[in-house]
Amino acid sequence: MELREITAQKIWNQFIIQNDFEFYSFLSSWEWGEFKKSLWFPVLRYGIYDSNNNLIWVIPLIKTIAKRGKYLFSPHTPLIKSKKWKIKNEKFYFEILEQIKSQLIEIAKREWVSFIRFNPPIKNTVKNYNKFIQLGFRPSPIHEHAEDTHLL
C-alpha cells in the first residue's frame with residue numbers, strides 16, 4: 001500500500017461519487033477542505049493506492065491548532081473502496097491502517113503536529129475499540145464533531 005497526495009479535485013470527488021459507501025458525509029468532500037482552507041486551516045489530501053495502482057482510500061488531513069496542541073484531523077474518513085468493505089469487514093480497515101501507520105507518522109512529523117485524530121466511518125464497538133488500541137491509538141477525550149444531530 002502506498003500513501004500519495006491527491007491534488008486534483010476531480011480524482012477526489014469521482015472516487016467519492018462512484019463508490020457506494022455505507023457511510024460518508026460532507027466532511028469527506030473536497031469542498032469541505034476548501035471551506036476549511038478559507039478559514040486558514042491547512043488541508044492535506046491523501047489517497048491510498050494498492051499494488052495495482054488503484055485508489056482504494058481517501059484521507060483528508062486538516063491541520064488544527066488548538067489549546068491541546070497542533071494536530072491533523074481526519075473527519076469521517078478514511079473512505080474505503082473494496083469488495084471486502086461491502087460486506088462490512090472492519091478487519092480489512094485495520095489491515096490497511098496498520099500498513100500505512102508509519103507513513104502517517106512521517107506526515108505528522110513533517111507537519112510538526114503532536115498527533116493525528118481519526119473519526120472513522122466504522123461502527124463504535126468494543127472489538128473495533130480494541131483494534132485501535134492494539135495499533136497504538138488512544139481514545140479521544142472529547143468529540144470534534146457531533147455524531148448525531150437533528151434539525152427542525
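In what follows, residues are counted from 1 in the order of the sequence shown.
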Item to check | ILVMFWY network linking Y71 to W112, side-chain heavy atoms under 4.5 angstrom | outcome: no
Checklist entry - Given the rule in the side chain to side chain contact (heavy atoms under 4.5 Å, CB included) test, do E31 and N13 qualify, once you have shown the distances and angles that lead to the verdict? => result CA-CA 9 Å; E31 291 74 16; N13 283 343; 3.1 Å; yes
Next on the checklist: I need the K36 NZ to K63 NZ distance, nearest 0.5 Å.
Outcome noted: 14.5 Å
Item to check | Spatial distance of atom CD1 (I17) from atom CD (Q14) [nearest 0.5 Å] | outcome: 7.5 Å
Checklist entry - Do K131 side-chain atoms and F94 backbone N/O form a donor-acceptor pair below 3.5 Å? => result no
Item to check | Taking every non-hydrogen atom, the tightest pair across S74 and I59 | outcome: OG-CG2, 3.5 Å
Checklist entry - Should I100 and Y46 be marked as a side chain to side chain contact (heavy atoms under 4.5 Å, CB included) after you check the CA-CA gap, both sets of side-chain angles, and the distance that decides it? => result CA-CA 11 Å; I100 64 157; Y46 286 92; over 6 Å; no
Checklist entry - Do L97 and F132 come within less than 4.5 Å of each other through their side chains, counting heavy atoms only? => result yes
Item to check | Inter-residue atom distance L55.CG - I48.CD1, 0.5 Å rounding | outcome: 9.0 Å
Checklist outcome for this item: Between F118 and L104, the two heavy atoms sitting closest are CZ-CD1, 3.7 Å
Item to check | Pairwise distance CH2(W57) to CZ(F15) - rounded to 0.5 angstrom | outcome: 10.0 Å
Next on the checklist: Run the side chain to side chain contact (heavy atoms under 4.5 Å, CB included) test on L44 and E5 for me, step by step, so that the C-alpha distance in whole Å, both residues' side-chain angles and the decisive distance to 0.1 Å come before the verdict.
Outcome noted: CA-CA 7 Å; L44 304 166; E5 191 166 4; 4.2 Å; yes
Item to check | Minimum-distance pair of heavy atoms, taken over all atoms of P139 and Y129 | outcome: CG-OH, 3.4 Å
Checklist entry - How close do W12 and S29 get, heavy atom to heavy atom, and via which atoms? => result NE1-C, 3.8 Å
Checklist entry - For the atom pair CD1 (I105) and CZ (R110), what is the distance rounded to the nearest 0.5 Å? => result 13.0 Å
Item to check | Distance-only donor-acceptor check, side chains N53 and E2, under 3.5 Å | outcome: no
Item to check | E106 vs K109 side-chain heavy atoms within contact, under 4.5 Å | outcome: yes
Checklist entry - Looking only at heavy atoms, which two atoms of M1 and Q99 are closest? And how far apart? => result CG-OE1, 2.9 Å
Next on the checklist: With clusters defined by side-chain heavy atoms of hydrophobic residues (ILVMFWY) lying less than 4.5 Å apart, directly or transitively, does I65 cluster with I62?
Outcome noted: no
Checklist entry - Quick one: are S28 and V58 in side-chain contact, heavy atoms under 4.5 Å? => result no
Item to check | Heavy atoms from other residues, nucleotides or ligands near CD of Q9 exceed 12 (cutoff 6.0 Å) | outcome: yes
Checklist outcome for this item: Interatomic distance, CD@E111 vs CG@L61, rounded to 0.5 Å, equals 8.5 Å
Checklist entry - Is atom CG of N124 surrounded by more than 12 heavy atoms (other residues, nucleotides or ligands) closer than 6.0 Å? => result no
Item to check | side chain to side chain contact (heavy atoms under 4.5 Å, CB included) assessment of L27 paired with N119 | outcome: CA-CA 10 Å; L27 299 173; N119 185 0; 5.7 Å; no
Next on the checklist: In terms of relative ring orientation, are F26 and W32 parallel, tilted or perpendicular, with 30° and 60° separating the classes?
Outcome noted: perpendicular
Item to check | Exercise: identify the closest heavy-atom pair between V43 and G33 | outcome: CG2-O, 3.4 Å
Checklist entry - Within the distance-only criterion (no hydrogens, no angle test), does the side chain of D50 pair as donor or acceptor with the backbone N or O of N52 below 3.5 angstrom? => result yes
Checklist entry - Could you walk me through whether E34 and K37 pass the salt bridge (charged side-chain N to carboxylate O under 4.0 Å, His left out) check? => result CA-CA 5 Å; E34 293 303 300; K37 279 183 175 181; 3.6 Å; yes
